[in-house]
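Notes follow once the structure below has been shown.
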Amino acid sequence: MKKNTLVRKFNKQASMYERNSRQRTLGMWRSRLLQDIHGKVLEVAVGAGANFPYYNRDTVDLTAVDFSPEMLNSARRMASELQLKVSFQEQDIETLELPERSFDCVVSTLSLCSYDDPLAVLNKMNRWCRPGGHIYLLEHGISSNRLLGFTQHLVNPVARRISGCHFNRDMLQIVHDSEVEIVNTERYWGGMVHLIWAVST
Ligand SMILES: C[S@@+](CC[C@H](N)C(=O)[O-])C[C@H]1O[C@@H](n2cnc3c(N)ncnc32)[C@H](O)[C@@H]1O
C-alpha cells in the first residue's frame with residue numbers, strides 16, 4: 001500500500017483512536033508495560049498519545065513520532081491535558097534517521113502491525129536505543145489458537161485495506177529475529193496480544 005494512502009487511512013481514524021485512548025484492558029497493559037520507564041524516551045507511531053497517561057512527567061523526557069498529522073494533533077491534545085512536555089516529529093519511521101544510541105528507552109505499542117518491514121523498524125529501534133537501554137513493546141499478531149489464526153489469515157487482506165494494519169504477523173518470531181534481546185514476554189487474548197520487555201544490544 002502506498003505511504004500517502006496509509007497516512008490518509010490513519011488520519012481518518014484519529015478521532016476514533018482519541019476516543020478509545022483510555023480503553024480499559026489496553027490501559028491495563030500499557031500501564032503494566034511502562035511502569036518503570038524513565039529517562040530519554042522515544043515513542044514510535046505514537047497515534048493519539050494513548051500511552052501518555054502512563055509516563056511520569058517528572059522523570060520522562062519524551063520524543064514522539066508519527067506520520068499522520070491528525071494523530072499528532074490528537075496526541076498534542078492529550079499531552080496538553082496531562083501537562084506532559086513532548087517533542088513531536090511528523091515523520092515516516094521507516095525512512096526516519098535519528099542519531100544512533102541516543103535514547104534510554106524506545107516504546108512501540110500497536111505499531112509493528114502497520115510497517116512494510118517491521119523487522120527493519122525493530123532493528124532501527126535497537127540502534128536508536130543506547131546499548132542495554134530498554135525496548136517496550138505491546139503488539140498484536142497471529143493467535144496461538146489455530147482456528148483463530150486461520151481466521152486472521154483469511155480476513156487479513158480486507159482488514160489491512162480497511163485499517164492499515166496486518167492482523168496475521170508472527171510478532172514474537174519477528175522480535176526473536178531482530179537485534180533486540182528479549183527479557184520477558186506475556187501473551188493475552190488467545191495469544192494475539194504480546195507484552196514484550198527487551199534490551200538494546
Ligand atoms: C494502530 S495505531 C497505534 C497508535 C498508538 N501507538 C497506540 O498504541 O494507540 C498505528 C499508528 O502508527 C502510525 N504509523 C503507521 N505506520 C507508520 C510509519 N511508517 N511511520 C510513522 N507512523 C506510522 C499510524 O499513523 C498510527 O498512529
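In each ligand, atom 1 is the first atom listed, and ligand 1 is the first ligand listed.
- The shortest N or O to N or O distance between Phe67 and ligand 1 is below 3.5 Å.
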Go through it in stages, so that I can follow the logic: the residues are Phe167 and His140, the test is side chain to side chain contact (heavy atoms under 4.5 Å, CB included), and I'd like the CA-CA distance, side-chain angles, deciding distance and then a yes or no.
CA-CA 7 Å; Phe167 286 77; His140 69 90; 3.9 Å; yes

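- Residue-level proximity to ligand 1 for Phe10 is carried by the side chain, the only part with a heavy atom below 4.0 angstrom.
- Residues Arg169 and Glu139 are not paired through a salt bridge, judged by the lack of any N-O separation under 4.0 Å between the basic side chain and the carboxylate.
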Walk me through it: do Val107 and Tyr55 pass the test side chain to side chain contact (heavy atoms under 4.5 Å, CB included)?
CA-CA 11 Å; Val107 176; Tyr55 295 129; 3.7 Å; yes

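- Close contacts of ligand 1 with Ile93, meaning ligand atoms under 4.0 Å from a residue heavy atom, involve 18 (C), 19 (N), 20 (N), 21 (C).
- Under 4.0 angstrom from ligand 1, there are no non-hydrogen atoms of Leu138.
- Residue Asp66 places at least one N or O, backbone or side chain, under 3.5 Å from an N or O of ligand 1.
- By the ring-ring contact (aromatic ring centres under 6.0 Å, His included) test, Trp29 is found to be paired with Tyr188, Trp189, residues two or more places apart in sequence or in another chain being considered.
- Atoms of ligand 1 found under 4.0 Å from any heavy atom of Ser114 (numbered from 1 in listed order, with element): 15 (C), 16 (N).
- Looking only at heavy atoms of the protein, atom 1 (C) of ligand 1 is closest to Tyr17 OH, 2.9 Å.
- Residue Val65 forms a side-chain contact (heavy atoms from CB on, under 4.5 Å) with just one option from Leu96, Leu72, Val46, and that option is Leu96.
- Looking only at atom types and distance, the side chain of Asn156 has no donor-acceptor partner in the side chain of Gln152 under 3.5 Å away.
- Looking at ligand 1, you won't find any N or O of Asn51 less than 3.5 Å from one of its N or O atoms.
- In terms of protein heavy-atom proximity, atom 19 (N) of ligand 1 is nearest to Asp92 OD1, 2.8 Å.
- Every atom of ligand 1 is numbered from 1 in the order shown, and the set under 4.0 Å from a heavy atom of Ser68 is 25 (O).
- With contacts defined as side-chain heavy-atom distances shorter than 4.5 Å, the pair Phe67/Ile93 does not qualify.
- The closest side-chain heavy-atom distance from Arg101 to Ser200 is below 4.5 Å.
- Tested against Leu33, the residues Leu138, Asn51, Leu137 include a single side-chain contact (heavy atoms from CB on, under 4.5 Å) partner, Leu138.
- Across the listed options Ala50, Ala14, Ala45, Ala45 owns the non-hydrogen atom lying nearest to atom 5 (C) of ligand 1.
- Heavy atoms of Arg30 approach ligand 1 to within less than 4.0 angstrom.
- Residue Thr109 has at least one N or O atom closer than 3.5 Å to an N or O atom of ligand 1.
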